[in-house]
Amino acid sequence: MAKTPKTIDPAAVAGKLAVARKLNWVCYAGLLVLFAVWNLFLDGSLKWWLLQTIPLLLVLPGMLKQHQRSYLWLCFILLLYITAGIVDVMMPTRGWQHGALTALSLILFVSAMMTSRWQVQLHNAQR
């Protein structure tokens, strides 16, 4: 029995893609602000701020051009932030920053992954 190809409504995918892109930008900016506040004002460590911020800034040009690969690379980078955030959240002496890092990273990971998927679906539906 042959499978019937799944039909995709381009308007519905475009709507979901627009919401995901907005969520990407909100969480991306939230992470950058969190790192600035955390490292420059609370801890006073320029070295840690650079170490946390530069990987995120590497994908910024591709995100501005809405390239699918940039969202995929962002997901790979975010795995490091999620891992570090979860490990630090489990420690009792850590502050609120680690919980915020974990939450923002997880939301951005899911929204970037779905943005990449919906970009491909929209591209294939428009061909």
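It should be emphasised that the depicted structure is a prediction, and the values quoted were computed from it without experimental measurement. The figures that follow rest on heavy atoms only: side chains count, while hydrogens, waters and symmetry mates do not.
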*Asks:* How about Gln119 and Leu17: do any of their side-chain heavy atoms sit closer than 4.5 Å?
*Replies:* yes
*Asks:* Could you state whether Val33 and Ile77 fall into the same hydrophobic cluster, counting links through intermediate Ile, Leu, Val, Met, Phe, Trp or Tyr residues with side-chain heavy atoms under 4.5 angstrom apart?
*Replies:*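 In one cluster with Val33: Ile77, yes.
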*Asks:* Find the distance between OG (Ser111) and CZ (Arg21) and round it off to the nearest 0.5 Å.
*Replies:* 12.0 Å
*Asks:* For residues Leu40 and Leu34: do they belong to one hydrophobic cluster (side chain heavy atoms under 4.5 Å, members Ile, Leu, Val, Met, Phe, Trp, Tyr)?
*Replies:* yes
*Asks:* Does Leu51 sit in a hydrophobic cluster with other residues, and if so which ones, taking ILVMFWY side chains as linked at heavy-atom separations under 4.5 Å, directly or through other members?
*Replies:*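 Other cluster members: Trp48.
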*Asks:* Provide the full list of salt bridge (Lys or Arg N to Asp or Glu O under 4.0 Å) pairs with a residue in residues 107-119, sequence neighbours left out, each pair given once.
*Replies:* none
*Asks:* I need the Gln126 CD to Leu122 CG distance, nearest 0.5 Å.
*Replies:* 4.0 Å
*Asks:* May I ask whether Met63 and Leu56 are part of the same hydrophobic cluster, defined by side-chain heavy atoms of I, L, V, M, F, W, Y residues being less than 4.5 angstrom apart, directly or through others?
*Replies:*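 Met63 clusters together with Leu56.
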*Asks:* Is a donor on one side and an acceptor on the other found under 3.5 Å between the side chain of Asn24 and the backbone of Ala112?
*Replies:* yes
*Asks:* Taking only residues at least two apart or on different chains, which pairs with a member in residues 75-112 satisfy ring pair (Phe, Tyr, Trp, His ring centres under 6.0 Å)?
*Replies:*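 Ring pair (Phe, Tyr, Trp, His ring centres under 6.0 Å) check on residues 75-112 returns Phe35-Tyr81, Trp38-His98, Trp73-Phe76.
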*Asks:* Got a sec, which hydrophobics cluster with Val87, joining ILVMFWY side chains under 4.5 Å apart, including via others?
*Replies:* Met91
*Asks:* Would you give me the side-chain donor-acceptor pairs under 3.5 Å for residues 8-16, sequence neighbours excluded?
*Replies:*
unit_1 : atom_1 : unit_2 : atom_2 : d
Asp9   : OD1    : Ala11  : N      : 3.4

*Asks:* Between Val59 and Val120, is there shared hydrophobic-cluster membership here, with clusters defined by ILVMFWY side-chain heavy atoms closer than 4.5 Å?
*Replies:* no
*Asks:* Out of curiosity, Ile82 CD1 to Leu101 CG, how far, rounded to the nearest 0.5 Å?
*Replies:*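 Atom-to-atom, Ile82:CD1 and Leu101:CG are 9.0 Å apart.
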*Asks:* Distance from Cys27 atom SG to Leu32 atom CG, nearest 0.5 Å?
*Replies:* 11.5 Å
*Asks:* Are side-chain heavy atoms of Val26 and Lys22 found at a separation under 4.5 Å?
*Replies:*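 No, too far: nothing below the 4.5 Å cut-off.
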*Asks:* Between CD of Gln52 and CG of Asn39, what distance do you get to the nearest 0.5 Å?
*Replies:*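 Output value for this atom pair is 4.5 Å.
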*Asks:* Would you find a donor on one side and an acceptor on the other, under 3.5 Å apart, between the side chain of Tyr71 and the backbone of Gln66?
*Replies:*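 Pair absent, no side-chain N/O of Tyr71 close to backbone of Gln66.
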*Asks:* Please name the pair of heavy atoms, one in Leu72 and one in Ser116, separated by the smallest distance, quoted to 0.1 Å.
*Replies:* CD2-OG, 3.4 Å
*Asks:* Treat each ILVMFWY residue as a node, draw an edge where side-chain heavy atoms are under 4.5 Å apart, and state whether Leu108 and Leu80 are in one component.
*Replies:* no
*Asks:* How is the hydrophobic cluster of Ile107 composed, in terms of its other members, when Ile, Leu, Val, Met, Phe, Trp and Tyr link through side-chain heavy atoms under 4.5 Å apart, directly or indirectly?
*Replies:* Leu23
*Asks:* Any side-chain heavy-atom pair from Thr102 and Leu106 closer than 4.5 angstrom?
*Replies:*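 Yes; the side chains approach each other to less than 4.5 Å.
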*Asks:* Rounded to the nearest 0.5 Å, what separation is found between the CD atom of Gln68 and the CH2 atom of Trp118?
*Replies:* 14.0 Å
